[in-house]
Amino acid sequence: MPPKEKVFRVSIHETREEMGFAAAFELVSILIEKLKTLEEVNVVFATGLSQLDFLDALVKIPFHGWNRVNAFHLDEYIGLPAQAPQRFSNFLKTRLFDHLRFKNVCYVVPPGQENEDAQTLAQRYEQLLLEHPLHVACIGIGENGHIAFNEPNVADYNDQRLVRVIELDERSRNQQLAEGWFKSIEEVPTHAITLTVPAILSAEKILCIVPRERKKEIVLRTLEGPITAECPASFLRRHRDVHLFLDLESASLLSE
């Protein structure tokens, strides 16, 4: 059988709300198709302001197969209290996991294990991913081009690990501050546990949701710049099946 042709689709939508619903309908359509032949499907979700319209739309779409979906998330801070609203697990719990009945919700840092060694937690999450290969990765792109917390010039396309403990780039930390998650840069954690580039690219399909004006430069570099660790999101162009969802603001620098 010949290899499957690579697909990289770009959808540009009038508003963030339309973009969010388009991505949500795409995910549900994929799940419906997958569940025709699979007993369960594994999906990883991202966090942040860029994902809000997508997550809000997802909980509004009537779909009764969530009890056959295992949910993962891309990354988690190290060092925040268990109930901190900035924790990505709490972000997703509030906006997604409390609303939909997943078969399993697999947290990077499970409740009650916040004080465990970060390397140990990373190894456990890697084992979970090995046992549950990803069918769909729902991700965003950071202002510095990171995917998950795979930072520029550190992101490794050939990483042998699926999950790592990493040090956050200063631009990533400042983005978290600018979005209002923290009151000062000193409050923003310096380290996190993240899925690696190969872990993300291992998913059969990738839905990448990237709205807002401040993402326009990195969207341009992702699609039209060189494929390099200087812009980790550019590695998406090597994947076999990606759908990039943009609004008019984030797409404003793209050529016709």
Side-chain angles (χ1 to χ4, degrees), residues 5-34 43-63 65-66 69 71 73-74 88 91-92 94-97 99-100 135-148 171-172 174-181 200 203-225 227 231-237 239-256:
E5 184 178 354
K6 290 176 65 175
V7 176
F8 198 117
R9 291 169 289 164
V10 179
S11 299
I12 301 173
H13 303 272
E14 291 283 336
T15 66
R16 292 197 296 269
E17 184 179 34
E18 291 178 6
M19 176 211 65
F21 268 101
F25 276 115
E26 176 85 358
L27 175 58
V28 170
S29 296
I30 292 170
L31 296 178
I32 290 171
E33 193 62 28
K34 289 286 184 187
V43 182
V44 64
F45 294 95
T47 56
L49 291 181
S50 66
Q51 305 301 301
L52 286 178
D53 297 282
F54 166 62
L55 298 176
D56 287 347
L58 205 55
V59 301
K60 296 175 183 176
I61 295 176
F63 172 61
W66 293 114
V69 176
H73 63 116
L74 283 176
F88 296 142
F91 176 98
L92 284 170
T94 300
R95 291 166 175 82
L96 188 66
F97 301 153
H99 300 275
L100 303 175
H135 297 101
V136 190
C138 303
I139 70 171
I141 299 175
E143 291 177 27
N144 66 354
H146 71 211
I147 49 176
R171 187 168 179 185
S172 288
N174 280 303
Q175 179 181 332
Q176 300 302 316
L177 179 63
E179 290 183 357
W181 300 108
I200 295 169
E204 293 181 12
K205 295 177 179 288
I206 297 177
L207 306 183
C208 188
I209 300 101
V210 192
R212 299 179 183 270
E213 191 270 345
R214 64 174 177 268
K215 298 290 182 72
K216 62 184 181 182
E217 288 88 359
I218 205 62
V219 165
L220 178 66
R221 289 179 61 194
T222 296
L223 291 177
E224 301 183 16
I227 299 177
C231 177
S234 65
F235 290 137
L236 295 173
R237 283 154 50 197
H239 192 268
R240 60 191 175 276
D241 193 341
V242 178
H243 193 162
L244 178 61
F245 294 85
L246 308 174
D247 65 357
L248 291 178
E249 293 179 355
S250 61
S252 61
L253 296 182
L254 297 181
S255 55
E256 294 294 332

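Given the structure is predicted, the values throughout are model-derived calculations rather than measurements.
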Nearest heavy-atom approach of Thr222 to Cys231 is OG1-SG, 3.8 Å
So Glu14 and Leu248, side chain to side chain contact (heavy atoms under 4.5 Å, CB included) or not? Walk me through it. CA-CA 6 Å; Glu14 291 283 336; Leu248 291 178; 3.4 Å; yes
List the residues meeting ring pair (Phe, Tyr, Trp, His ring centres under 6.0 Å) with Trp181, not counting sequence neighbours, and say none if there are none. Phe91
Separation between CZ of Phe63 and OG of Ser29, rounded to the nearest 0.5 Å: 9.5 Å
Rounded to the nearest 0.5 Å, what separation is found between the CG atom of Leu31 and the NZ atom of Lys205? 11.0 Å
Which pair of non-hydrogen atoms, one from Ile147 and one from Pro232, has the smallest distance, and what is that distance? CD1-O, 3.9 Å
Begin with the C-alpha distance, continue with both residues' side-chain angles, and end with the deciding distance and a verdict on side chain to side chain contact (heavy atoms under 4.5 Å, CB included) for Val69 and Trp66. CA-CA 5 Å; Val69 176; Trp66 293 114; 4.1 Å; yes
Answer yes when Arg9 and Glu26 have at least one side-chain N-carboxylate O distance shorter than 4.0 Å, and no when they do not. yes
Search all heavy atoms of Leu52 against all heavy atoms of Arg95 and return the closest pair with its distance. CD2-NE, 3.1 Å
Show me the donor-acceptor pairs within less than 3.5 Å that the side chains of residues 212-219 make with the rest of the protein, sequence neighbours left out.
| unit_1 | atom_1 | unit_2 | atom_2 | d |
| --- | --- | --- | --- | --- |
| Glu213 | OE2 | Lys216 | NZ | 2.8 |
| Arg214 | NE | Glu143 | OE2 | 2.8 |
| Arg214 | NH2 | Glu179 | OE2 | 3.1 |
| Lys215 | NZ | Ile141 | O | 2.8 |

Does Thr15 offer a backbone N or O that forms a donor-acceptor pair with the side chain of His13 under 3.5 Å? no
Taking ring pair (Phe, Tyr, Trp, His ring centres under 6.0 Å) as the test, write out the residues that go with Phe21, two or more places apart. none
Between Ile209 and Ala23, the two heavy atoms sitting closest are CG1-CB, 3.7 Å
Gap separating the SG atom of Cys208 from the CG atom of Leu244, nearest 0.5 angstrom: 5.0 Å
His99 side chain to Thr94 main-chain N or O, any donor-acceptor pair under 3.5 Å? yes
Shortest non-hydrogen contact from Ala46 toward Leu55: O-CD1, 4.4 Å
Check side chain to side chain contact (heavy atoms under 4.5 Å, CB included) between Glu224 and all other residues, then give those that pass, not counting sequence neighbours. Leu220, Leu254, Ser255
Donor + acceptor pair across side chains of Ser11, His243 (<3.5 Å): yes
Please step through side chain to side chain contact (heavy atoms under 4.5 Å, CB included) for the pair Thr47 and Leu74, ending with a clear verdict. CA-CA 8 Å; Thr47 56; Leu74 283 176; over 6 Å; no
If you round to the nearest 0.5 Å, how far is CD1 of Ile32 from NZ of Lys34? 13.5 Å
So which atom in Ala203 and which in His239 form the shortest heavy-atom distance, rounded to 0.1 Å? O-NE2, 2.6 Å
State which residues pass side chain to side chain contact (heavy atoms under 4.5 Å, CB included) with Ile227; sequence neighbours excluded, sorted by chain then number. Ser234, Phe235, Arg237, Arg238
Would you compute the distance between atom CG of Leu96 and atom CG of Asp56 and round it to the nearest 0.5 angstrom? 10.0 Å
Can you tell if the side chain of Leu27 reaches within under 4.5 Å of the side chain of Phe45, non-hydrogen atoms only? yes
Answer yes or no: is there a side-chain heavy-atom contact under 4.5 Å between Ile30 and Val43? no
Among residues at least two apart in sequence or on other chains, which ones pass side chain to side chain contact (heavy atoms under 4.5 Å, CB included) with Ala24? Phe54, Ala57, Leu58, Ile61
Can any side-chain N or O of Glu249 pair as donor or acceptor with the backbone N or O of Pro211 at less than 3.5 Å? no
Going through the distances and angles, do Phe8 and Leu223 end up as a side chain to side chain contact (heavy atoms under 4.5 Å, CB included)? CA-CA 10 Å; Phe8 198 117; Leu223 291 177; 3.6 Å; yes
Point-to-point distance, once rounded to the nearest 0.5 Å, from CD of Gln51 to CZ of Phe88: 11.0 Å
